[in-house]
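Each remark here refers to the structure printed beneath this line.
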Amino acid sequence: MCAAFCFSWIVSGRGFAQNNQISLTGTVSDGTAPLSGVNVFVEGTSKGVFTDQNGKFELTVTATDTQLSFSFVGYQKQTVIIGNKRNFNIKLEPTEDALNDVVVIGYGTSQKKDLTGSIATVSGDDIKQVPVTTAAEAITGKMPGVNVVTQSGAPGADINVVIRGGTSITQSIAPLYIVDGFESGDLTSIDANDIETITVLKDASATAIYGARGSNGVVVITTKSGKAGKTKISYDGYVDVQKLTRPLKLLNPQQYVGYQYAYQLLQGKLKDWVTNFGGNLNDPDFYTNASQYIQSTYGGNPGIDWQDLVFGDAAVMQNHSLSMSGGNAKTKFLLNGNFMNQDGILAKHGYQKYNLRFKINHQINKKVSVDFNSNFNERKVQGGGSLGGALRMSILQPPTGGIRFTDEQLITMDLTDSMRKTDPQYDAYNPIIFNNTNTQISKRRNFTANFGINIDILNNLSWRTQGSYNWTQTNSTTWNDGVTANVIEAHGGPYGSIGNAEGEAWQITNTLTWKQTYGLHHITALLGQQTNASQSSSSSNTYDGFNENNFGLNNISMATNLYAKSSGLSKARTVSAFGRVMYNYDQRYLLTATLREDGVSKFAIGHQWGAFPSMSAAWRISQEKFMKGNGLFDDLKLRAGIGTTGNSNIDNYMYVTSYGAGFYAINNEEVSTLVPGGTLANPLVQWEKTSTKDIGLDAAILNNRISLTADYYNNESKNLLLKASIPTSTGYSDQYQNIGAIRNSGFEFSLNTQNIKSKNFTWTTNLNMSFNRSKVLSLANGNSTYYSGAFVVQVGKPLGQFYGYKYDGIYTTDDFTQNSDGTYSLNDGVAREKGRTAQIKPGDIKLKPTAGNTDDNGNPVWSADDRTVIGNSSPDFTGGMTNTFSYKGFDLSIFMNFSYGNQVFNENNQRFLGPRLPNQNALAIMDNRFRLIDPSTGKESTDLATLAALNPGQHDPKAVWSVNPQNNYNGTSVFSDYFLENGSFLRINTVTLGYRFPRQFLNRLKIQGLRIYATVHNLHTFTKYTGYDPEVASSDGVLGNGVDDSAYPRSRSFVAGVNLSF
Amino acid sequence: MKSLYKNTLYLIILGLATCFVSCKKWLDMPNPSAFDSQTTFATVSAAEMAVLGAYTKTFNRDIYYRLGDGNDASISSEGIGGSKWLLSNFEYSSALVPSDTYNSMYSGIEYSNVCISHLKEMKGKDEAEQKKINMLLGECYAIRAMSYFNLVRYWGDVPYRTIPVAADTSMYSSRVSRDTIYDGCIADLQKAVELLPWYSEGMITTPERFSKNSAYGILARVALYAAGYSLRWDLNTYATSSVKLAKRADAGRIKQLYQIAADACEKVIKQGENTLLPSFETVFRNLVQGKFDNETMLEYGQFGNDVNGGGIGYTNGMFTNSSSIYKKALPLIAAIPTLWFDYEPGDQRRDVSIANYSVTADNERQLNPYGNNRIGKFRATWMLDNGAAVNKRNIDWPWLRYSDVLLMYAEAQNELYNGPTSEAKDALAEVRIRAFGGDKNKIGEIPGSYATFKSAIIEERKLELAFEGLRRTDLVRWGVLYDTIIAARKNVLDMAGKTGRYADVDAYRAYKLQKATDFNDPVVAVPFIGYKAKPSQTVIDSLSAAGYTLLDMFTGDPAAGAGDFPLESTAPWVTGLFEGAKKNKMEIMPLSDGMIDDNPGLQGQQAPGY
């Protein structure tokens, strides 16, 4: 195998020098003004120069050179015959269609018309039109088959990018990101302003060149380079104001106090209620007057709006980019700086980013050019993405302090200790204090350097070596003032932790590219080799036992106790060889074949190597003679491809059991032990392999006014790497296994139309939609089912199935018979929980038996056997639509994205409905609960007629249960479809109105371009979802999508910005 | 220029070639920060660290808490409808049953299996080292046996594996007859007692590791369980009709098991290294203060931030208010109100086992109403400090005490000879004499017949070992859980109604509200003056003049934050007591949904009735 890498290149002894030098000169313009930076080259070679500021060039050619080409981004390439001409006046026409666009593919570029795989792109110009903070936002809804879900609305929140449904069940389905040829972990370290293009490689014929890492798709990002010509300075900036869109509706004080009354009465603890809300238990009329008392004392009280106090602030974000670029035909540079500051709507949450990129390209001589590209990025996240505690506490917080506390006390003090005097388990800490007491900062610095050298060994043979280095350092600190009860319990006072992590990655890539044309045969061949090495280390310490006065983490020598400590080091390496041949005959028949061989250190010896081939072909029907001259099709291309990619994205060292440090206590000391972790080693663990089939069609008609790209694909992934739950009777909880196979198949299209095109007014529309269907083909060792949280994975069924009970409403009074002694009994034949012996009351939660089990008396019962598939988090289709209008200097763009047919598990509802613990608030729908308490007596009624009269809505299939303590567990811990909601939405994502000042006006100010704009993000979302926002995910795997687990609410924001260039 | 290209090219080629001298070596990347199974067992000291790692998995809080609660000594004080409340009141369901203990025990078993397989291969370089290896091997056999014992006593027939999972053909496993597992445990412990040194040999420093002494004690415990009752069913059919509370079928083996238990206890008694401490109070003061003695023979070590998951003194402590010097101890386990009256006058164990007071925010010792009595054995007030955190109080779990060995000896003798031998009577007497402070005259008559002696043992084990995590399963092995629970429930209702045995209990008690000032608080119980009915106003006035506080023992106010538990027959926590009790069902835990979901070998093997 190794021999494959130790290639030795033998270069033919053909001389470099040529005789018969001919000198050519000329000028290039767009008809009105000269164009600088135009690439002028001898066709079929890389011999060439760029035009200067005045559009002039000089080039020396030989007698064998026949054709001269002129190419410039945004203009059609023009080729002329040299013949005897020595001076050329060339006028370039702007590009009308995108077919000649150069598209970045793996380890190279290609013209769009020559592509055979499924590829989608977004250009930097598109990104610039609408302000975004990350590259991921820039592609949201813009590309078919690429689903982008921001996990929450938090500043710096993680973003899930999923291409064609992903290829894994439990592993990350994040695509591979390649930034300027370098494998990069994430998108967040790239400044959106730096991006020249984003290309997403979707099918294996495009991704197989990335072998072992390509199966979830590849996102290739190319950053901007300097352009020859006058030095250009540009400034882009915007200011953004954000505001929470939809608060959750909660019980008002009167409803809350009534809810507490019912709760405590049924727990037999009305004494506690009296302590909190007043009244006198010894008063003979206490019970009968209770509901009157509650209304008179608490009615009309608006209560404390905790959500407004905690999340209600408007948050400001500002983003400024300044860039400078220029150079001459030999040397070009670009310097771009960016600063971004984003406050969160929750205090102490925020995001700051600094970015500096420097890029230089230099042509040493005709044969050799070098490029250097470095980027420094610093991101500071304060608070972190999950809302976790703050949301929970804001919702559960009492809206009134009753007779014990004033609103002001409730808002400004931590009353936990006082609350615990009546309710020992009280845990709804003051969210404001809780939030303010805790300072959490994560600072991440990232430095990347790329150095490349290109050598044109021969006219048609070029060599490129690229070395890349990436350094990441993350410093995470947490400081807690130690004033809240929970922290005092655990740490006795302030505590803090300091974590440092450092990662380094190297990559060396060598490629040899050969381009040759024999008549109508065009061949481009690539041979390459790549080596990657990475290591990451981390250490983290937590300290407590601080004195009252201290400098916090600035001086940890004041801590008297090292509370926790850890460190680690991990290394991984890969080596690869790859090759690609692209062949086309007369631009009509196109063929691409690739092969990559990867070796990865993550697997045991003997399982380290994998080969990943692909093949694709295309037929440009529009180039056929019989199509020439037809007035309809400007382009018509059929594409088909197959290929295999891999995924080795698992933790290091999973093939061997590692014994890590643990502790046991002997003689009042902690002694070190050695323990294997919870994950069992698997020496057989190996590649995950995905084979892809893709059939596509590209068509453009009516002078390119309507263009369509459509693809059908079928991805089958085998040997899926799963961190599988294994029986805990093994002593471990999970193991990485190559189990299971899934299939993702689907259809996607992108349709671009120029609806109106006149001199002053244009209207274009881009619509893209994706229809993905997944199916599990097999699971571990012949198993048919795999459970994970709220999900079940079943062979033959799609991914994302929610698994739980079917909610069957509540027990109604019709389910009971009144006994002569005033009590009631449950009727025979009514379903009940298996094994339940406690009394069932009207208003208790009823779940639907599906398995047909009965108890000894023949009554239907439900138990774990009755859990079933109750919904799906995968949408039927997703998509986006952008309408762009321009009128003179004005531009208006409206971007909408949508998702249809998916369901969301509203975990917040499950958590915030209750009954759970006393003195905690609940969502407003709890007021629709089944009432067991007769307000005329103030006590629990067992009279069925009374209960029926109190609860006219009891037959509603979504009726809310009573606060009978028995509903505590079933209501708040059992997952049923009560908590599933329709997650379909149509979001008016961004609306941007811009104005570009006319050139004549700017010329006077010596300004090249000026545009001002205003944008509204998240203007409105049409959805039936009752939580904050239906677009949620609790993790980056398939089994986290559609779970609303205290997600930070997505806010609406208003932006004003400017693009300015000199 | 021409040569420049060539030279550059050659350089690159050379660079490339050197990069790939050996791919194989390049890709061989052992973990730079952890041992693997080869390096771990390369030296005896590293092997010992692995054995100590197995110890950490041998205990889990649920053993005394969610799985052990709900008997005639302890009940849940959680809010009604909460998961602990449901479990304690026998409302088991497969969705509710906790799996932490199950998971922890199997981890301990797997770690032991790995250690055993490697330790067997190790050879000591001299006699001392070989002895050390033997000891480590003995510890692993004992850990494995005790862990399986803890699984079987709750879940009955469970998966049984005695080799490392990596060496097994499948990770999946089905239920294996509990008799087979118990026999395996007995065999393991018989090996362990051969391999382990006596405590006196000094090879271990504290009872936090197994010695020959404690291995014998656990051997006796396992043998008694193996010989006792449990809820069984036909493992071939899982038919509901086959469910019965029964002993194993082979009577000969049962007799053998009692012999094994008696012999094991006798070995410990004869060795003479372990004794009862003169004062019952000292046993638990020592325990919470981290001191070791001759009575507590096996403990699960708890110390510091990393090894303190047992919640001992917090989950099962006495109530202390968060603002007191002892900080928060919010036990969710209560002493059943009637237990206080089960102790005879003069029995010193009562006030040690039950905390009759709580500590208020002002450090006052406030007398508890009957419904608020909590566990006194693991009380924070006797500690020397608050430990690592309120819920990490550095209190060891007492796995085995010498008094247990004596009681097991008495029980085994009674079973073997169908009546108490004089040795049996002496052993029971020894425990009772210590309970009454060494006063032989107070212990009453030791019964002479098989049945009466057995009843006496059942009662005595409650009084001696209350809250030590064995009561519920002990009642199962005697086949009396249901009857005992029903009787206990009736007793509580009788007490709430002041009838029957409890017709004459104090309705009010007067006591002096005094402050605790420091750790190692000398107070065992708050003294009081009892009143059968509410005293007259004159008496009340004179009491208050003398500095007394009067407390209504049935509905009086408990210490702030302790929760309100009025002992009234209509109070929901009383009416709901043991409401799920069902004979031939409650005696075993169902497997949890997760255990079955993850293990196809257990599919279709849920205990009948669940």
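Everything numeric here is computed off the predicted structure, so don't read it as measured data.
- The parts of A:N668 that come within reach of chain B are both its backbone and its side chain, each placing non-hydrogen atoms under 4.5 angstrom from that chain.
- Heavy atoms closer than 4.5 Å to chain B are found nowhere in A:F603, neither backbone nor side chain.
- For the pair A:T730 and B:R161, the minimum side-chain heavy-atom distance is below 4.5 Å.
- For A:V974, no part sits under 4.5 Å from any heavy atom of chain B, backbone or side chain.
- How far CG of A:L674 is from SG of B:C115: 9.5 Å, rounded to the nearest 0.5 Å.
- Residues B:F292 and A:N667 are in side-chain contact: their nearest non-hydrogen atoms beyond the backbone lie under 4.5 Å apart.
- Looking at B:A388, only its backbone comes within 4.5 Å of chain A, counting heavy atoms on both sides.
- Interface remark: B:Q606 contributes no atoms to any contact with chain A (heavy atom separation under 4.5 Å).
- Between atom OG1 of residue B:T240 and atom CG of residue A:D855 there is a gap of 11.5 Å, rounded to the nearest 0.5 Å.
- With a threshold of 4.5 angstrom between heavy atoms, B:A95 approaches chain A through its backbone and through its side chain.
- Using a 4.5 Å cut-off between heavy atoms, A:A490 touches chain B through its backbone atoms (N, CA, C, O) alone.
- No part of B:K57 comes within reach of chain A, as not one of its non-hydrogen atoms sits under 4.5 angstrom from that chain.
- Closest approach of B:E110 to A:G731, counting heavy atoms only: CB-CA, 3.9 Å.
- Side chains of A:I488 and B:K328 form no contact here, defined as non-hydrogen atoms less than 4.5 Å apart.
- With values rounded to the nearest 0.5 angstrom, A:E669 atom CD is found 7.5 Å from B:F303 atom CZ.
- Proximity to chain A involves both the backbone and the side chain of B:S107, based on heavy atoms less than 4.5 angstrom apart.
- Heavy-atom pairs under 4.5 Å with chain A peak, among B:I80, B:V165, B:V390, at B:I80.
- Using a 4.5 Å heavy-atom threshold, the side chains of B:Y102 and A:S729 count as touching.
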(request) List the steps and the verdict of side-chain contact (heavy atoms from CB on, under 4.5 Å) for A:V671 and B:Y55. (result) CA-CA 12 Å; A:V671 292; B:Y55 271 103; over 6 Å; no
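- Between chain A and the residues B:V307, B:N599, B:I596, B:D564, the largest count of heavy-atom pairs under 4.5 Å involves B:V307.
- Of all heavy-atom pairs spanning A:A864 and B:D593, the tightest one is CB-OD1, 2.9 Å.
- Between atom OG1 of residue A:T673 and atom CG of residue B:L52 there is a gap of 7.0 Å, rounded to the nearest 0.5 Å.
- At least one side-chain heavy atom of B:D597 sits under 4.5 Å from a side-chain heavy atom of A:R867.
- In this structure, the side chains of A:K834 and B:S93 stay at 4.5 Å or more apart for every pair of heavy atoms.
- In this structure, CG on B:D306 lies 14.5 Å from OH on A:Y664, to the nearest 0.5 angstrom.
- Interface summary for chain B: among A:D272, A:L569, A:N967, A:V675, the most heavy-atom pairs under 4.5 angstrom belong to A:L569.
- A donor-acceptor distance shorter than 3.5 angstrom exists from the side chain of B:Y111 to the backbone of A:P676, with no hydrogens or angles considered.
- Remark: A:K269 is positioned above the aromatic ring of B:F565, its terminal NZ or CZ atom under 6.0 angstrom from the ring centre and at most 45 degrees off the axis.
- Residue B:S45: no heavy atom, backbone or side chain, is found under 4.5 Å from chain A.
- Residues A:P727 and B:Y172 come closest through the heavy atom pair CG-CD2, 3.4 Å.
- Contact annotation for A:Y653: only side-chain heavy atoms (C-beta onward) come within less than 4.5 Å of a heavy atom of chain B.
- Contact annotation for B:V158: neither backbone nor side-chain heavy atoms come within less than 4.5 Å of a heavy atom of chain A.
- No part of B:L602 comes within reach of chain A, as not one of its non-hydrogen atoms sits under 4.5 angstrom from that chain.
- Both the backbone and the side chain of B:E579 have a heavy atom closer than 4.5 Å to some heavy atom of chain A.
- Only the backbone of A:T574 comes within contact range of chain B, judged by heavy atoms closer than 4.5 Å.
- Comparing A:S537, A:S658, A:G268, A:A681 by heavy-atom pairs within less than 4.5 Å of chain B, the highest count is held by A:S658.
- The candidate from A:V656, A:T657, A:I666 with the greatest count of non-hydrogen atom pairs under 4.5 Å with chain B is A:I666.
- Residue B:T56 touches chain A through both its backbone and its side chain, counting heavy-atom pairs closer than 4.5 Å.
- In this structure, A:S863 and B:Y610 have side chains that are not in contact, with every pair of non-hydrogen atoms separated by 4.5 Å or more.
- At a 4.5 Å heavy-atom cutoff, B:W573 makes no contact with chain A through either its backbone or its side chain.
- Residues A:L680 and B:M171 form a side-chain contact, since some pair of their non-hydrogen atoms from C-beta on lies under 4.5 Å apart.
- The main-chain N or O of B:N305 is found under 3.5 Å from a side-chain atom of A:E670 such that the two form a donor-acceptor pair.
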